[in-house]
Amino acid sequence: MPWRRKPLPALDLGTRPRGRSRRPVPGTARRGTVAADFRRPRASRGRPIQPGRTTHSEHMAKNITPRAENYNQWYLDVISAGQLADHAPVKGCMVIRPTGFAIWEQMQSRLDRMFKETGHVNAYFPVLIPESFLKREAEHVEGFAPELAVVTHAGGKLLEEPLVVRPTSETVIGHMYAQWIQSYRDLPVLINQWCNVMRWELRTRLFLRTSEFLWQEGHTAHETAEEAEEETLRMLEIYRRFHEELLAMPVLMGRKTDTEKFPGALRTYCVEAMMQDRKALQAGTSHNLGQNFARAFDIQFLDRGNERRHVHTTSWGSSTRMIGGLLMTHSDDDGLVLPPRIAPVQVVIVPLYKNDAERAAVMPFAERVRAELGGVLDPLHIRLDTRDDLRAAERFFYWVQQGVPLRIEVGPRDVGQGAVMLVRRDTREKQSAPLAGLGQTTLALLERIQTDLFERARAFRQANTHRIDDYGEFRELMEGPGGFAEAHWNGSAQVEARIKAETKATIRVIPLDEDPEPGRCMVTGEPSPRRVVFAVAY
RNA sequence: CGGGGUGUGGCGCAGCCUGGUAGCGCACCUGCUUUGGGAGCAGGUGGUCGGAGGUUCGAAUCCUCUCACCCCGACCA
C-alpha cells in the first residue's frame, strides 16, 4: 500500500555533494545508501556529548510578540525578524526575501528530486489562459470564478477574449495534452511545473494565503482509472514523506469530503498538519481528476483494442504555504526554527574576539572548524560569520532568528582548549565539543535535532487529538482549546455544513485506514463507517 | 459586500478636542569606550503630516469629498 507509514529513515541531510556515479533509479527512493555514508559516528570517533545547559530560559527576542500573547502577531513577527518576506505594494502579494526564498529553493530541490525519481519531468505552461478554457469544466469554473484575476487590455487595446491569470493549470495543460496524446503508447504523461499562480483572495496572510504564490503542480494522464488512482496516491505519499522526513512535520493523510474537494476532481486527497495553535493546515493535495478534464478538453487516445477513449488525469500541488506551515510547526518565541534537512544554513560559525590579538588566534581556528565541517556537509550550507561590525550578541540573535539549527561559537577560550561551543537552536542547549571529530559530532547532533523536532511535533499533535463521540463535547473542544477531533459523521454535506456553521470546524481528512472503526454520527446518531478528523483550519 | 479602526521621517507613536508652520523612541550616520546573549556616551542625517478641495491672515489640527491599509465575518493551497 503506497500510503503505509514508514519509519523515519536515517539522516540524509541531502546537502553533501554526491558522486555522479550514484544515479538513482526512477521509481525507487534512495534509502539508506547515501545516509549510511555519514549516518552515525562510529563509537571510536564520535565523542559523547555531555548533556548541556541551556543558554537562557526566558523569551529574549524583543522584536517578537510571544505566542501566548497573540499568535497571529507572533507569526508576522517571526517572518519579519527572520527577514523571510515582506508585504508588496499590491494588496495580498508578498515579496519573498532571500532568506525566505532560500527555504523555498531547498523545498524545491528536494521535492523536484522526489518527483524525478518517480519518473516525472518538468515543463512550463503560460501564465495567461483564455477565459473560455476555464468555463469548459462546470465545477472548475464555478470553483475558481470568484478568485480570478482577468486581463482585459493589452497593447493599449481591449482584448477580444479576456485572459485569466492562471489560478491553476488543468485547463491549458488539458488543451495541450489533447494535442500530444494520440495513442496508449503516448501514456502515461507525467509532467510537473514550477510556477506562480494567482487567486484573488479576500483575506491574505504571508505565505499561508497570498494572492500570488509559488507552487508546483503536477499533471499526469493515464490509460486507466486504476493507474490514475495509483498515481494520485503515489504523489500523496511523496508529500507525506517530504513533510515528515524533510520538514519534520507529522501529517495526516486522507481524503477530502465532496465539499472540500478540488473543483472538477473526482477525489481529492491531502496531507494535513497541526500548527502550534492547534489549527489544521492543508499542506499538499493530490487529485484524481477522473475523466472530467479529458472530456472537457477532448483528451482521447486509441487504446490497445483500437478503441477511442478518454484519458484519466491527475494533478497534485504544494506551495509556498508550506513555509508558513514549517514556521508554525517548529518556531518559538525567539523566532524561526528550521529542521536541519531543510535549513539553507545548517551550521553557522560565530568567531568571538575582543581585539586584534584574539582575532588573529580565533579566525584561523574558525577556518579549521569550517574545513572540518566541510568534510561532511555541503560547504554552501555552512556559514562563517565574519562580520566584525556587529557585537557578538547581535550576531547570535541574528542567526537565532534566521532559524539556523546549530550555532558554533569559537572564542579565545575554545581555541585554548582545541574545542568549540555548540548551541542548538531548538533546545538552546550549549555544550563544548573538541575540534577533533567535530564533523561526526555535528552530524549526529543535526540528526538528533531533526528527529527531536519531528517527535516533539508528533507528541504535540497526539496530545491535542481526541476521540469524541458526543457533539456537546465536540463543541466544547472547538470553542475552547481546539485540536483534532476524531469523530463519527453520517456522511452528509448538510451535517458537515451545520457543524461548520456552529463550530467553524471542518472535516480535514477522511483517513485511509484499512480497518475503520464503525460507529454512530455524533450529530444525528446515524450509522457511520469510520471516524473522520475535524478541526478548525487555516 | 456588512461591522470596527488607522493613515504624521525606514519602523512604532505623540501632537488634533482648545489652528500659529512638527516632536519622541527605535533604526540610520560619525567619533570614542565596549564586545562569550540584543552596549554606553557625545554629535548628526532624515518628514511638511495618505490625496484633493474648502474655511482662515495662518491648517497635521476645523469642514467636505476621496484613496489606501488593518482587524472581524462570508470564499480559499
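Below, chain A is the first sequence line, B the second, and so on; all start at residue 1. Scope of the values below: all heavy atoms of this structure, side chains included, with no hydrogens, waters or symmetry mates.
Across the strands present, B:rG36 finds no partner; the criterion is a Watson-Crick or G-U wobble pair with both atom distances under 3.5 angstrom.
As rounded to the nearest Å, B:rG31 and B:rU18 have C1' atoms that lie 45 Å from one another. B:rU55 sits 13 Å from B:rU61 when the C1' atoms are compared, rounded to a whole Å. Look at the C1' atom in both B:rG4 and B:rG51: the space between them is 23 Å, to the nearest Å. Using C1' as the reference atom, B:rU64 and B:rG2 are 25 Å apart when rounded to the nearest Å. Taking atom C1' in both B:rG9 and B:rC26, one finds a spacing of 12 Å when rounded to whole Å. Between B:rA59 and B:rG12, the distance separating the two C1' atoms is 25 Å to the nearest Å. Comparing B:rA60 with B:rG15, their C1' atoms are spaced 8 Å from each other, to the whole Å. For the C1' atom pair drawn from B:rU6 and B:rG50, the interatomic distance equals 11 Å after rounding to whole Å.
Annotation: cation-pi geometry satisfied between A:R67 and A:W74 (NZ/CZ under 6.0 angstrom from ring centroid, within 45° of ring axis). Both tests do not hold together for A:R391 against A:F396: distance to the six-membered ring centre under 6.0 Å, angle to the ring axis within 45°.
A:F397 qualifies as a stacking partner of the B:rG38 base, centre to centre under 5.5 Å and near-parallel within 30°. Stacking between A:W215 and B:rA77 is absent: the ring centroid is not both under 5.5 Å from the six-membered base ring centre and under 30° in plane angle.
Note on A:F213: a base of the nucleic acid sits closer than 4.0 angstrom, heavy atoms only. Using a 4.0 Å heavy-atom cutoff across all strands shown, A:S315 reaches no nucleic acid atom at all.
Note: A:H175 and A:F133 have tilted aromatic rings, judged against thresholds of 30 and 60 degrees for the angle between ring planes.
When the side chain to side chain contact (heavy atoms under 4.5 Å, CB included) test is applied to A:A280, the partners found at least two apart in sequence or on another chain are A:E272, A:F484, A:R508, A:A535, A:A537.
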